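Below is one structure, written out as structure tokens; comments come after it.
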Amino acid sequence: MVNGSLEEWLHPNENGHGVHNESKSLNLLQRLNIAIDFASALDYLHHHISEPIVHCDLKPNNILLDEEMAARVADFGLARFFRDTICTSSTNQSSSIGIKGSIGYMAPEYGMGNEVSTSGDVYSYGILVLEMFTAKRPTDSMFINGMSLHNFAKIALPEQVESIVDPTLLQQIEQGQASSSINNGRSQRFTGSHKIREILISIFNVGIACSEELPRDRPVMNEVLTRLHASKKTLLGDGKWIRVEV
């Protein structure tokens with residue numbers, strides 16, 4: 001894809017070649033659109049085809065961005081038809097496919113030998129959303145002694161939401177450019193810091209809900225989409241826009 005992977009945009013200074021790329025940063029609207037794009041892909045895979053598919057390896061490297069920064073879910077090397085996982089489980093055979101995902105993004109129940117499920121993808125999605133808006137990996141060295149990316153976000157909400165937001169995104173918000181977008185050659189921005197704060201809290205709550213430890217406590221993807229679309233409507237819906245230069 002023209003714009004590479006989400007990994008390159010979330011962690012532009014951590015590529016394997018030691019090359020720094022300060023120009024790569026995502027604003028609030030772009031991050032929200034990406035979250036909606038791959039939530040839509042998962043909703044389709046889980047609920048809108050005859051044999052649901054579980055991706056099993058959602059992580060920033062597997063979210064690719066096209067020329068319009070639309071997100072595409074890639075790398076189905078570990079994907080399973082959900083029907084097959086049910087059949088395997090019902091015959092009391094191991095449903096293991098090795099490591100069902102990547103460390104930090106893999107649902108905790110997989111580590112206990114549970115069969116693959118759509119809830120596992122929802123967990124990975126939640127971790128990805130939290131990473132997108134904090135710029136912290138779930139494997140960050142700060143997450144020790146029971147602390148996790150999930151708990152890091154949960155403890156901060158709602159009063160301390162600013163303390164966990166990606167510093168680059170927070171700087172954009174402080175400069176009034178949080179939802180800067182380019183459309184037909186024009187760049188616009190949203191002005192309304194209180195509203196943006198509430199939108200961030202709502203998005204973080206989605207990530208937290210999706211990454212709950214118990215599968216039964218996680219939402220399904222169509223519920224996630226409803227909540228994210230509501231956040232986007234709030235961000236774009238009141239017409240408070242001004243023209244700025246690209």
Side-chain angles (χ1 to χ4, degrees), residues 6-7 10 31-64 71-86 88-89 95-97 99-134 136-139 143 148-154 157 200-232:
L6 182 59
E7 167 78 17
L10 293 182
R31 294 177 204 228
L32 183 52
N33 281 336
I34 290 168
I36 289 172
D37 285 344
F38 70 91
S40 299
L42 288 180
D43 182 49
Y44 174 77
L45 292 172
H46 292 177
H47 304 293
H48 297 286
I49 53 179
S50 58
E51 293 188 47
I53 294 175
V54 186
H55 186 279
C56 296
D57 196 21
L58 292 169
K59 58 184 178 180
N61 273 326
N62 290 342
I63 306 299
L64 304 184
R72 314 290 185 92
V73 177
D75 192 350
F76 285 76
L78 294 181
R80 300 294 295 272
F81 285 108
F82 189 47
R83 176 184 60 80
D84 291 342
T85 69
I86 294 173
T88 302
S89 176
S95 63
S96 174
I97 53 173
I99 296 177
K100 306 179 190 76
S102 298
I103 302 235
Y105 305 93
M106 182 174 62
E109 63 269 20
Y110 290 174
M112 296 183 287
N114 287 20
E115 65 269 13
V116 167
S117 72
T118 53
S119 295
D121 277 356
V122 174
Y123 178 89
S124 302
Y125 176 84
I127 295 297
L128 261 169
V129 167
L130 296 179
E131 183 175 0
M132 284 176 63
F133 288 86
T134 64
K136 291 192 178 297
R137 300 179 188 275
T139 54
F143 299 133
S148 64
L149 181 54
H150 170 91
N151 292 335
F152 173 71
K154 193 171 186 177
L157 294 189
L200 286 168
I201 291 170
S202 177
I203 294 169
F204 277 120
N205 277 326
V206 167
I208 290 167
C210 290
S211 58
E212 288 288 352
E213 183 174 358
L214 297 178
R216 66 172 178 265
D217 293 335
R218 301 169 198 154
V220 294
M221 292 312 301
N222 59 350
E223 295 172 3
V224 170
L225 274 171
T226 297
R227 293 168 67 175
L228 292 179
H229 278 299
S231 293
K232 183 175 179 179

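Just so we're clear, the structure is a prediction, and the values are computed from it rather than from any experiment. Residue numbers count from 1 along this sequence.
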Just wondering, do Glu131 and Arg137 contact through their side chains at under 4.5 Å, heavy atoms? yes
Value rounded to 0.5 Å, distance of CG in Leu157 from NZ in Lys154: 10.0 Å
Test side-chain contact (heavy atoms from CB on, under 4.5 Å) applied to Val224 and Val220, Leu228, Asn222, the passing residue: Leu228
Taking Asp57's backbone N and O only, do any of them form a donor-acceptor pair with Asp75's side chain (distance below 3.5 Å, no angle check)? no
Does Leu6 reach the side chain of Ile34, with side-chain heavy atoms less than 4.5 Å apart? yes
Could you state the interatomic distance from CG (Leu149) to OG1 (Thr134), rounded to the nearest 0.5 Å? 5.0 Å
Criterion side-chain contact (heavy atoms from CB on, under 4.5 Å) on Asn205 and Arg227, from CA distance to verdict: CA-CA 10 Å; Asn205 277 326; Arg227 293 168 67 175; 3.8 Å; yes
Looking only at non-hydrogen atoms, find the nearest pair between Asp121 and Cys56 and report the distance. OD1-N, 2.9 Å
Separation between OG of Ser102 and CG of Asn61, rounded to the nearest 0.5 Å: 8.5 Å
Hey, could you give me the CE/CG distance between Met132 and Leu32, rounded to the nearest 0.5 Å? 8.0 Å
Pro219 versus Ala209, closest heavy-atom pair with distance: CD-O, 3.5 Å
Neighbour count above 12 (heavy atom, 6.0 Å) for Tyr44 OH: no
State, to 0.1 Å, how close Phe133 and Ile203 come at their nearest heavy-atom pair, and which atoms those are. CE1-CG2, 3.5 Å
Heavy atoms, side chains only, cut-off 4.5 Å: are Ser148 and Pro138 in contact? no
Would you call Val129 and Cys210 a side-chain contact if the rule is heavy atoms closer than 4.5 Å? no
Do the non-hydrogen side-chain atoms of Met221 and Thr118 ever get within less than 4.5 Å of each other? no
Would you check if the side chain of Ser202 reaches a backbone N or O of Ser231 as a donor-acceptor pair within less than 3.5 Å? no
Using a 4.5 Å cut-off on heavy atoms from C-beta on, say whether the side chain of Leu225 contacts that of Ser40. yes
Does any donor atom in the side chain of Glu212 or Tyr123 lie under 3.5 Å from an acceptor atom in the other side chain? no
Just how far is it from atom CG of Asn151 to atom CD1 of Ile208, taken to the nearest 0.5 Å? 9.0 Å
Looking only at heavy atoms, which two atoms of Gly104 and Thr139 are closest? And how far apart? CA-CG2, 4.2 Å
Tell me, do Arg72 and Ile63 make a side-chain contact under 4.5 Å, heavy atoms counted? no
Is the shortest side-chain N to carboxylate O distance from Arg80 to Glu115 below 4.0 Å? no
Keeping the roles fixed (side chain from Tyr125, backbone from Ala35), state whether a donor-acceptor pair exists under 3.5 Å. yes
OG/Ser119 to CG/Asp217 distance, rounded to the nearest 0.5 angstrom? 10.0 Å
Taking the side chain as every heavy atom from C-beta outward, state whether Ser117 and Val54 have any atom pair closer than 4.5 Å. no
Assess whether a salt bridge exists between Arg218 and Glu109, defined as any Lys/Arg side-chain N lying under 4.0 Å from an Asp/Glu carboxylate O. yes
Least distance between heavy atoms, His55 atom then Asn62 atom: CE1-ND2, 4.2 Å
Minimum heavy-atom distance between Leu130 and Ala153, given as atom pair plus value: CD2-CB, 3.9 Å
